[in-house]
Amino acid sequence: ESKTLPVIILIGDSNVGKTCVVHRFKTGQYNEKQQNTIGVDFTVRSMDIDGKRVKIQVWDTAGQERFRTITQSYYRSAHGAILAYDLTRKSTFESIPHWIHEIEKYGAANLVMMLIGNKSDSLDKRQVLFEDACTLAEKHGLLAVLETSAKEAQNIEEVFTLMAKELIARNTLQLHGENPPNSFSLDSRPVIASPSVEKTQCSC
Ligand SMILES: Nc1nc2c(ncn2[C@@H]2O[C@H](COP(=O)(O)OP(=O)(O)OP(=O)(O)O)[C@@H](O)[C@H]2O)c(=O)[nH]1
């Protein structure tokens, strides 16, 4: 079966924990020692979404500047983008508007974006208020904001479930319809309204 799967891409500054988040999602484990990603790493995982088995692709990109040309070339094929910052490092949050701009420039027009503040296990070192992340998310019409910890497995499953549900809901064709489509495409209308529905995640 050559069905195209929904693609979720992870983007954000180097060392915010993108690889650890994907690794936790893929294997259920935390691997503290991660090499900086070179270019893009590809993962596929099955998930149960509303009682249906759905396979999704996750593309983990390098945050380092020197890989920018390579990583940008993958934006166009993504259906969803998870923008990641490190809540213990303010500069990584300040980069988010830049990452949004990159996605708007190189990504598909109807791409779904959400924001994650990783390393929520280190709240004593917090440099980014959740409220500020919510404000940014609302300003740019992002789907949701969640604080995550790859280390302690907080909100990792939730992030991918939320994104996968949204992508499936927006898919103009039924993934498991009578005639399985050979492409996964999105229409431009949000089905899960953003961002007000996610007020449970955003306490703003
Ligand atoms: N405390 C804490 N540390 C984390 C967490 N996730 C990742 N880290 C640490 O952050 C560092 C960077 O993690 P990576 O996953 O390699 O970061 P990345 O964003 O993929 O980096 P690039 O590949 O360069 O873009 C590692 O030393 C991890 O141990 C987390 O949830 N909590």
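For ligands, and for the atoms within them, numbers begin at 1 and follow the listed sequence.
- Heavy atoms of Asp13 come nearer than 4.0 angstrom to ligand 1 in at least one pair.
- Close approach of ligand 1 to Lys151 is summarised as follows: ligand atoms under 4.0 Å from at least one heavy atom of the residue are 1 (N), 30 (C), 31 (O), 32 (N).
- Note that Arg45 lies outside the cation-pi zone of Phe160, set by a 6.0 Å cut-off to the ring centre and a 45° limit from the axis.
- At a heavy-atom distance under 4.0 Å, atoms from both the backbone and the side chain of Asn15 approach ligand 1.
- Proximity of a side-chain donor or acceptor of Thr61 to a complementary backbone N or O of Val40 within less than 3.5 Å is not detected.
- Taking a cut-off of under 4.0 Å to the non-hydrogen atoms of Gly63, the atoms of ligand 1 that pass are 22 (P), 25 (O).
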List the steps, then state whether side chain to side chain contact (heavy atoms under 4.5 Å, CB included) holds for Thr37 with Thr19.
CA-CA 7 Å; Thr37 303; Thr19 301; 2.8 Å; yes

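- The protein heavy atom nearest to atom 1 (N) of ligand 1 is Asp121 OD2, 2.9 Å.
- Considering all non-hydrogen atoms of both residues, Leu162 and Met114 come closest at CD2-CE, 3.9 Å.
- Nearest protein neighbour of atom 16 (O) of ligand 1, counting heavy atoms only, is Gln34 CB, 3.3 Å.
- Residue-ligand proximity, Ala62 to ligand 1, at heavy-atom distances under 4.0 Å covers atoms 25 (O).
- At the top of the distance list for atom 23 (O) of ligand 1, counting protein heavy atoms only, stands Thr37 N, 2.7 Å.
- Among protein heavy atoms, the minimum distance from atom 13 (O) of ligand 1 is reached at Gly17 CA, 3.5 Å.
- Under a 4.0 Å criterion applied to the non-hydrogen atoms of Ser122, ligand 1 contributes the atoms 1 (N).
- Within the 3.5 Å criterion, the main-chain N or O of Arg24 finds no donor-acceptor partner in the side chain of Thr27.
- The existence of a salt bridge linking Glu102 and Lys105 is excluded, since no basic side-chain nitrogen approaches an acidic carboxylate oxygen closer than 4.0 Å.
- Clustering ILVMFWY residues whenever any of their side-chain heavy atoms sit less than 4.5 angstrom apart, transitively, puts Met47 in the very cluster that holds Leu146.
- Nearest protein heavy-atom neighbour of atom 27 (O) of ligand 1: Glu32 O, 3.5 Å.
- At least one side-chain heavy atom of Leu83 sits less than 4.5 Å from a side-chain heavy atom of Leu115.
- For ligand 1, the polar-atom distance check finds no N/O of Gly12 at less than 3.5 Å from any of the ligand's N/O atoms.
- With hydrogens left out, the protein atom closest to atom 10 (O) of ligand 1 is Lys119 NZ, 3.0 Å, a heavy atom.
- Near Lys18, the atoms of ligand 1 lying under 4.0 angstrom from a non-hydrogen atom of the residue are 15 (O), 17 (O), 18 (P), 19 (O), 20 (O), 21 (O), 22 (P), 25 (O).
- Checking only distances, Val16 does come within under 3.5 Å of ligand 1, N or O to N or O.
- If you check the side chains of Ser14 and Asn36, you find a donor sitting under 3.5 Å from an acceptor.
- The environment of Ile38 atom CD1 is sparse: at most 12 non-hydrogen atoms of other residues, nucleotides or ligands sit within 6.0 angstrom.
- No side-chain donor-acceptor contact under 3.5 Å links Gln154 to the backbone of Ser149.
- Here the heavy atom of the protein found nearest to atom 15 (O) of ligand 1 is Cys20 N, 2.9 Å.
- When hydrogens are left out, the protein atom nearest atom 8 (N) of ligand 1 is Tyr30 OH, 3.4 Å; that is the closest non-hydrogen contact.
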